[in-house]
2 protein chains.
Amino acid sequence: MARYRVGLETRERILEATRTLLAEDGIDGVTLKRITTVAEVGVGSFYNLFDSKEAAVFEVIRQALDAVDPHRGSSDGDTLAELIDAFVSFMTGPSPIARIYLQLAGLGLTDAAIAQRVLRSHRRRVQRFAAACQREDPALTDEQAREQAQTIMAALTGLGLTALIDPAFDMRAHAERLVVGGGAGSAPSADASVERSE
Amino acid sequence: MARYRVGLETRERILEATRTLLAEDGIDGVTLKRITTVAEVGVGSFYNLFDSKEAAVFEVIRQALDAVDPHRGSSDGDTLAELIDAFVSFMTGPSPIARIYLQLAGLGLTDAAIAQRVLRSHRRRVQRFAAACQREDPALTDEQAREQAQTIMAALTGLGLTALIDPAFDMRAHAERLVVGGGAGSAPSADASVERSE
DNA sequence: CAGAACTTTGAGCGCTTGCTCAAAGTTGAG
DNA sequence: CTCAACTTTGAGCAAGCGCTCAAAGTTCTG
């Protein structure tokens, strides 16, 4: 839609503005007026570059979902610890994308289309985590690894949500505790819940 | 505001309609028009009973937050397992309230007022979990118990979110795995992540 | 049964929303 | 330099929003 240099730049300014507003004020806070004001662009220009407001928002969201799973395919040899560390960094880092991602998950609770997008991204990540689990313990069946990964991912998502709502929450510390005991060891021995060191 | 019997009944119908719409379509889906249509009430009647649309929504939300922590004060002797079981039941049960609660948490990411309400409720629950942790292991310091409870709560929230988005997700099974290994044993022994049975 | 207190009603107000469109301006290949 | 292709612009539209208000109806006390 944009073919001249200026057009591409304007497009970027609009996406940047949309991204900022999405992270700051949530999806409800994103209005055409605000986008065009922040991007310093006329309403008409916006519609020259995007089919609708939704199109711009979805473009930002698509980028956000991709960002959760950055180098897919390339570095497949990550350890579980590295994957978790990367996820924690993503959640607690300065980028506004994590906020968008989590809010999106919340909206997925009542919007099937959004749920589908979020789930696709989520499952892709679960698969990478499962692979890492199996790399650390080759004895695990595919199913076991997948379930383990699911638990870790879900829990990490919850930790991220808590961390972004409560600034005092130290996500990294909690994530470490989570995995040392729970994620890796799916031991069905009930004793584990009684015996504890320290 | 409502003092006659009919008025109180109307008020209940409105809250019920608001609750349903909130759970089905999320906060964005709740419009005055829809509330009054579903409740079979004129717009004017609504404003005779509530100061604003927001007031009705907040009333439902307040009830939702209370529902997460049902019998506070009364039965303080719950075991950790019981508390977790209750939370899982709340999340996976038929009530629409869990959906509202989680969506609210998502919206708390960009709305300070909502965040405050959610956090207050969350912390109250963490406190009960911490007490249960300490009951099971009196050796734990207050701080240790609180951190352990925080991890469990955050993880459970994440599991609940995943379960509500993905119907195929078995929250109870994952919650059990989570706690057997991770929640109770904050063992810093790295070995735990290597040793696993089955 | 009188009548004050409470409830119900929906047309319509003011405002915001996403979006259109015709006219004017800018870009860059030939 | 030419000129078609692309970009910019904001007034204004239709639709939807939360909400008001005066008139009519209902409830329940004394």
Side-chain angles (χ1 to χ4, degrees), chain A residues 1-62 100 103-104 107 110-111 113-114, chain B residues 1-62 100 103-104 107 110-111 113-114:
Chain A
M1 227 146 181
R3 288 190 231 177
Y4 282 14
R5 186 184 45 80
V6 279
L8 291 170
E9 282 171 5
T10 304
R11 203 184 132 87
E12 273 316 303
R13 273 215 314 287
I14 289 173
L15 286 175
E16 177 63 30
T18 307
R19 194 177 299 120
T20 304
L21 291 171
L22 219 44
E24 276 177 4
D25 307 316
I27 278 197
D28 299 351
V30 179
T31 66
L32 204 61
K33 186 95 196 310
R34 299 195 68 190
I35 292 176
T36 54
T37 301
V38 171
E40 294 180 311
V41 160
V43 191
S45 292
F46 179 94
Y47 281 95
N48 180 43
L49 295 161
F50 295 91
D51 287 340
S52 63
K53 188 196 86 169
E54 209 182 25
V57 171
F58 270 29
E59 173 64 21
V60 169
I61 284 172
R62 200 188 53 74
I100 298 174
Q103 188 158 77
L104 211 63
L107 292 172
T110 53
D111 186 318
I114 292 182
Chain B
M1 226 144 182
R3 289 190 229 176
Y4 283 15
R5 187 183 45 79
V6 279
L8 291 170
E9 282 172 6
T10 305
R11 203 185 131 87
E12 272 317 302
R13 275 217 312 288
I14 290 173
L15 286 176
E16 178 62 31
T18 307
R19 194 176 299 119
T20 304
L21 290 172
L22 218 43
E24 276 178 2
D25 308 315
I27 278 197
D28 300 352
V30 179
T31 66
L32 204 61
K33 185 95 196 308
R34 300 195 67 191
I35 291 176
T36 54
T37 300
V38 171
E40 292 179 313
V41 158
V43 192
S45 293
F46 179 95
Y47 280 95
N48 181 44
L49 295 161
F50 296 92
D51 287 340
S52 63
K53 189 195 83 169
E54 209 182 26
V57 171
F58 269 29
E59 173 65 20
V60 169
I61 283 171
R62 201 187 54 74
I100 300 174
Q103 188 158 74
L104 211 62
L107 292 173
T110 53
D111 186 317
I114 292 182

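Only heavy atoms go into these numbers, but all of them, side chains included; no hydrogens, no water, no symmetry mates. Chain A is the first sequence line, chain B the second, and so forth, proteins listed ahead of strands; every chain is numbered from 1.
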Want to settle it: does A:Leu32 or B:Thr10 sit nearer the 5' end of DNA chain C, counting the closest nucleotide to each? B:Thr10

Rounded to whole Å, please give me the gap between CZ in A:Arg34 and C1' in C:dC19. 19 Å

Options C:dG10, C:dC19, D:dC6, nucleotide nearest the side-chain atoms of B:Val43: C:dG10

Considering only heavy atoms from C-beta outward, does the side chain of B:Glu59 approach that of B:Arg11 to under 4.5 Å? yes

Donor-acceptor list for residues 22-39 of chain A side chains, cut-off 3.5 Å, not counting sequence neighbours:
| unit_1 | atom_1 | unit_2 | atom_2 | d |
| --- | --- | --- | --- | --- |
| A:Asp25 | OD2 | A:Arg34 | NH1 | 2.9 |
| A:Asp25 | OD2 | A:Arg34 | NH2 | 3.2 |
| A:Thr31 | OG1 | A:Arg34 | N | 3.2 |
| A:Arg34 | NH1 | A:Gly29 | O | 3.3 |
| A:Thr36 | OG1 | A:Leu32 | O | 2.9 |
| A:Thr36 | OG1 | A:Lys33 | O | 3.0 |
| A:Thr37 | OG1 | A:Lys33 | O | 2.7 |

Return the OG1 to OH distance between B:Thr10 and B:Tyr4, rounded to the nearest 0.5 Å. 14.0 Å

Consider the side chain of B:Arg3, meaning its heavy atoms from C-beta on, and name the nucleotide among C:dC6, D:dT7, D:dC17 that approaches it most closely. C:dC6

Judged by nearest nucleotide, the residue sitting upstream toward the 5' end of DNA chain D, B:Gly44 or B:Val6, is B:Gly44

Closest nucleotide of DNA chain D for B:Tyr47 versus for B:Arg5: which of these residues is on the 5' side? B:Tyr47

In whole angstroms, the gap separating C1' of D:dC17 from CZ of B:Phe46 amounts to 13 Å

Output the rounded distance in Å from CG (A:Leu49) to P (C:dC19). 14 Å

Gap between atoms CD1 and P, on A:Ile35 and C:dT16 respectively (whole Å): 18 Å

Output the rounded distance in Å from CD (A:Glu12) to C1' (D:dT7). 17 Å

Within the 4.0 Å heavy-atom criterion, would you say B:Val30 contacts the bases, only the backbone, or no part of the nucleic acid? sugar-phosphate

Can you tell me how far P of C:dC19 sits from CD of A:Glu54, to the nearest Å? 8 Å

Distance in angstrom units between A:Tyr4 OH and C:dT26 C1', rounded: 9 Å

Which part of the nucleic acid, if any, lies within contact of A:Gly7, taking any heavy atom under 4.0 Å across all strands shown: a base, the sugar-phosphate backbone alone, or nothing? sugar-phosphate

In terms of side-chain geometry, is the basic nitrogen of A:Glu16 or A:Arg19 positioned less than 4.0 Å from the acidic oxygen of its partner? yes

Using atom CD of B:Glu9 as one end and atom P of D:dT26 as the other, report the distance to the nearest whole Å. 16 Å

Could you go step by step and tell me if A:Phe50 and A:Leu15 meet the side-chain contact (heavy atoms from CB on, under 4.5 Å) rule? CA-CA 10 Å; A:Phe50 295 91; A:Leu15 286 175; 3.8 Å; yes

So if I take every side-chain heavy atom of B:Ser45 and compare against D:dT7, D:dC17, C:dT9, which nucleotide ends up nearest? C:dT9

